[in-house]
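Note that the structure is predicted; figures quoted are calculated from it, not measured. Just so you know, these numbers use all the heavy atoms, side chains as well, and skip hydrogens, waters and symmetry mates.
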Amino acid sequence: MANSGQKVVLITGCSSGIGLRIAVTLAKDEKKRYHVIATMRDLKKKDKLVEAAGDAYGKTLMLLPLDVCSDESVKQCINNVKERHIDILINNAGVGLLGPVESISIEEMKRVFETNFFGVVRMIKEVMPDMKKRRSGHIIVMSSVMGLQGVVFNDVYTASKFAMEGFCESMAVQLMKFNIRLSMIEPGPVHTEFETKMMEDVAKMEYPGVDADTVRYFKDVYLPSSIDIFEAMGQTPEDIAKCTKKVIESSSPRFRNLTNSLYTPIVALKYADETGGLSVNTFYNLLFNFGPLMHITMSILKCLTCSCLRRRTISPN
Ligand SMILES: NC(=O)C1=CN([C@@H]2O[C@H](COP(=O)(O)OP(=O)(O)OC[C@H]3O[C@@H](n4cnc5c(N)ncnc54)[C@H](OP(=O)(O)O)[C@@H]3O)[C@@H](O)[C@H]2O)C=CC1
Ligand SMILES: CC1=C(/C=C/C(C)=C/C=C/C(C)=C/C=O)C(C)(C)CCC1
């Protein structure tokens, strides 16, 4: 149970990756400022979290089952929280989807929206009324650089994150009137099971209904470039957890929080030219004209990341 003075933090999707690491980082806070309710849809997957939490498990960290795709599970979970009191809600659960749209069924696309978009909406709908009554609270949403800018062959995943950005950007204004903050965390590539699961899915792909050229662009051009980008600029879940903790602890948290200064120039292209031409053409050139030179391009990008752009990101340190 939370001590008075401790903030109650509920996090979705804590069985692995970023969610697990945020849960552990907050539960191990030196000043014990957080009572963490780490949730996951299948408690059989709790071992990794429990091991990483060590002594904090049972003290500053407890577990509850929660599937963000189920109305019933969400309601039951929040009803199990003492007085339904949640100070900080961290919407982290999410799934990826990669590949040519011709080979992806509408059902698979709906599953992504059900988790990444409606999952967040469901959580906010359940938690927000109590926060409004208390006139306090902080809602964190694990978005992505792909919530700010489209990336080829990630069409549906990107769309689900864009949907959430639009929802949250609209909600933030109303929530501010109730003294509730809403912050988006916008990581670039992060080394987690997200990356592994997507690569496993790709290995099994059969590309029904996709023409040979598109399959070739996906497998021989996009995938190697994407692997290069993960290698050159991939962050760790620890980096994202530290950034998230900084956002939570800020006296005036920003709405959007990019975590990776190396990716910032890529996102900045969109804001530098409102017609969209600069970003679409640059992405095209990076992929189709400089794809084989992605290693070098990445090094140049690192140099171009000037200090003024770095200042716009939340550094993990
Ligand atoms: N890795 C990356 O490169 C980036 C990731 N992100 C975002 O970060 C978030 C976390 O991803 P990451 O840690 O990388 O990936 P992981 O695959 O390691 O973690 C995703 C977590 O979400 C959970 N989850 C999936 N569906 C549901 C559901 N219906 N209900 C509850 N939990 C669910 C998974 O649980 P289970 O084990 O049961 O499947 C898992 O715990 C996601 O929102 C993702 O979009 C953003 C930018 C970059
Ligand atoms: C290939 C390629 C790109 C790939 C970017 C990637 C692979 C980003 C991954 C982000 C992730 C994984 C976010 C998760 O939410 C760029 C830089 C757009 C430039 C054009 C070529």
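- The shortest side-chain heavy-atom distance between Phe162 and Thr158 falls under the 4.5 Å cut-off.
- Between Leu20 and Ala52, the closest heavy-atom pair is CD2-CB, 4.2 Å.
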Inset, instruction - Check the pair Phe153, Val221 against side-chain contact (heavy atoms from CB on, under 4.5 Å), reporting the backbone distance first and the verdict last. - result: CA-CA 11 Å; Phe153 293 122; Val221 183; over 6 Å; no
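- Looking at Gln235, its side chain does come within 3.5 Å of a backbone N or O of Thr259 through a donor-acceptor pair.
- Side-chain atoms of Asp228 and Ser225 include no donor-acceptor pair closer than 3.5 Å.
- Taking all atoms of both residues into account, the shortest heavy-atom contact from Leu223 to Lys219 is CB-O, 3.7 Å.
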Legend entry - Verdict with reasoning, Lys161 to Gln149, per side chain to side chain donor-acceptor pair (under 3.5 Å): CA-CA 10 Å; Lys161 293 288 186 186; Gln149 196 160 48; over 6 Å; no
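- The shortest side-chain heavy-atom distance between Asn260 and Met233 falls under the 4.5 Å cut-off.
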Inset, instruction - In sequence, state the C-alpha distance, the side-chain angles, and the governing distance for Ile18 and Thr192, and then conclude on side-chain contact (heavy atoms from CB on, under 4.5 Å). - result: CA-CA 7 Å; Ile18 297 171; Thr192 64; 4.1 Å; yes
Inset, instruction - Begin from the C-alpha positions of Glu249 and Arg33 and carry the test side-chain contact (heavy atoms from CB on, under 4.5 Å) through to its verdict. - result: CA-CA 10 Å; Glu249 290 170 1; Arg33 286 171 291 183; 3.2 Å; yes
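- Within the 3.5 Å criterion, the main-chain N or O of Val95 finds no donor-acceptor partner in the side chain of Arg111.
- When every heavy atom of Pro65 is checked against every heavy atom of Ser73, the shortest pair comes out as O-OG, 4.4 Å.
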Inset, instruction - Please report the C-alpha distance between Asp42 and Asp67 in whole Å, then the side-chain angles of each, then the deciding distance to 0.1 Å, and finally whether the side-chain contact (heavy atoms from CB on, under 4.5 Å) criterion is met. - result: CA-CA 8 Å; Asp42 181 1; Asp67 179 346; over 6 Å; no
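- Counting only distance, with no hydrogens or angles, the side chain of Ser160 and the backbone of Tyr157 share a donor-acceptor pair below 3.5 Å.
- Panel note: side chain Gln6, backbone Lys32; a donor-acceptor pair is recorded below 3.5 Å.
- At a threshold of 4.5 Å between non-hydrogen side-chain atoms, the residues Arg181 and Phe255 do not count as touching.
- Leu97 and Phe230 are assigned to two separate hydrophobic clusters, defined by single-linkage of ILVMFWY side chains at heavy-atom distances under 4.5 Å.
- You'll find the side chain of Met40 stays beyond 4.5 Å of the side chain of Thr12, heavy atoms only.
- Looking at heavy atoms from C-beta onward, Glu238 lies out of side-chain contact with Thr25 at the 4.5 angstrom threshold.
- Taking CG of Asn92 as the reference point, atom OG1 of Thr39 lies at 9.0 Å (rounded to 0.5 Å).
- A distance of 10.0 Å separates NE2 in His35 from CD1 in Ile86, rounded to the nearest 0.5 Å.
- The six-membered or imidazole ring of Phe288 lies near that of Tyr217, with a centre-to-centre distance under 6.0 Å.
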Inset, instruction - Would you please test His138 and Ser183 for side chain to side chain donor-acceptor pair (under 3.5 Å) and show each step? - result: CA-CA 8 Å; His138 195 169; Ser183 303; 2.8 Å; yes
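- Using a cutoff of 4.0 Å between basic side-chain nitrogens and carboxylate oxygens, Arg216 and Asp220 are not scored as salt-bridged.
- Ring to ring, Phe167 and Phe118 are not that close: their centroids are 6.0 angstrom or more apart.
- Between atom CG of residue Leu89 and atom CG of residue Leu182 there is a gap of 9.0 Å, rounded to the nearest 0.5 Å.
- Note that CG of Leu49 and CG of Leu63 are 5.5 Å apart. Values are rounded to the nearest 0.5 Å.
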Inset, instruction - Could you walk me through whether Thr282 and Asn285 pass the side chain to side chain donor-acceptor pair (under 3.5 Å) test, one step at a time? - result: CA-CA 5 Å; Thr282 307; Asn285 284 324; 5.9 Å; no
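- One distance of note links OG1 of Thr275 with NZ of Lys270; it measures 12.0 Å at 0.5 Å rounding.
- The cationic atom of Lys7 (NZ for Lys, CZ for Arg) does not lie both less than 6.0 Å from the six-membered ring centre of Tyr34 and within 45° of the ring axis.
- Checked for salt-bridge contact, Arg134 and Glu83 miss the test: no charged N lies under 4.0 Å from a carboxylate O.
- Side-chain atoms of Met131 and His85, non-hydrogen and from C-beta on, never get closer than 4.5 Å to each other.
- Asn91 is not listed as a side-chain neighbour of Met142, based on a closest heavy-atom distance of 4.5 Å or more.
- Among all heavy-atom pairs drawn from Val210 and Ser103, the shortest one is CG2-CB, 3.5 Å.
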Inset, instruction - Output, in order, the C-alpha distance, side-chain angles, deciding distance and verdict of salt bridge (charged side-chain N to carboxylate O under 4.0 Å, His left out) for Asp55 and Lys28. - result: CA-CA 9 Å; Asp55 285 352; Lys28 288 191 170 174; over 6 Å; no
Legend entry - Full working for salt bridge (charged side-chain N to carboxylate O under 4.0 Å, His left out) between Glu193 and Lys48: CA-CA 13 Å; Glu193 285 181 22; Lys48 234 183 344 167; 2.8 Å; yes
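- In this view, Asp71 and Arg122 satisfy the side chain to side chain contact (heavy atoms under 4.5 Å, CB included) rule, not counting sequence neighbours.
- Across Leu98 and Val202, no two heavy atoms sit closer than the pair CD2-CG2, 3.8 Å.
- The hydrophobic cluster containing Leu278 does not contain Val280, counting ILVMFWY residues as joined when their side-chain heavy atoms lie under 4.5 angstrom apart, directly or transitively.
- Under the 4.5 Å side-chain heavy-atom criterion for grouping Ile, Leu, Val, Met, Phe, Trp and Tyr, Met198 is connected to Val151 within one hydrophobic cluster.
- No option in Leu10, Ile248, Val8 other than Val8 meets the side-chain contact (heavy atoms from CB on, under 4.5 Å) test with Asp87.
- Shown here is Met176, whose CE atom has no more than 12 heavy atoms of other residues, nucleotides or ligands within 6.0 Å.
- The shortest heavy-atom contact between Ala232 and Leu262 is O-CD1, 4.0 Å.
- One hydrophobic cluster, built from ILVMFWY side chains closer than 4.5 Å, holds both Ile106 and Phe113.
- Between the side chain of Asn257 and the backbone N or O of Ile185, no donor-acceptor pair lies under 3.5 Å.
- Lys132 NZ to Asn179 CG: the interatomic distance, rounded to the nearest 0.5 Å, is 13.5 Å.
- Under a cut-off of 6.0 angstrom, the local environment of NZ in Lys245 is crowded, with over 12 non-hydrogen atoms contributed by other residues, nucleotides or ligands.
- Between Ile11 and Cys14 there is a side-chain heavy-atom pair separated by less than 4.5 Å.
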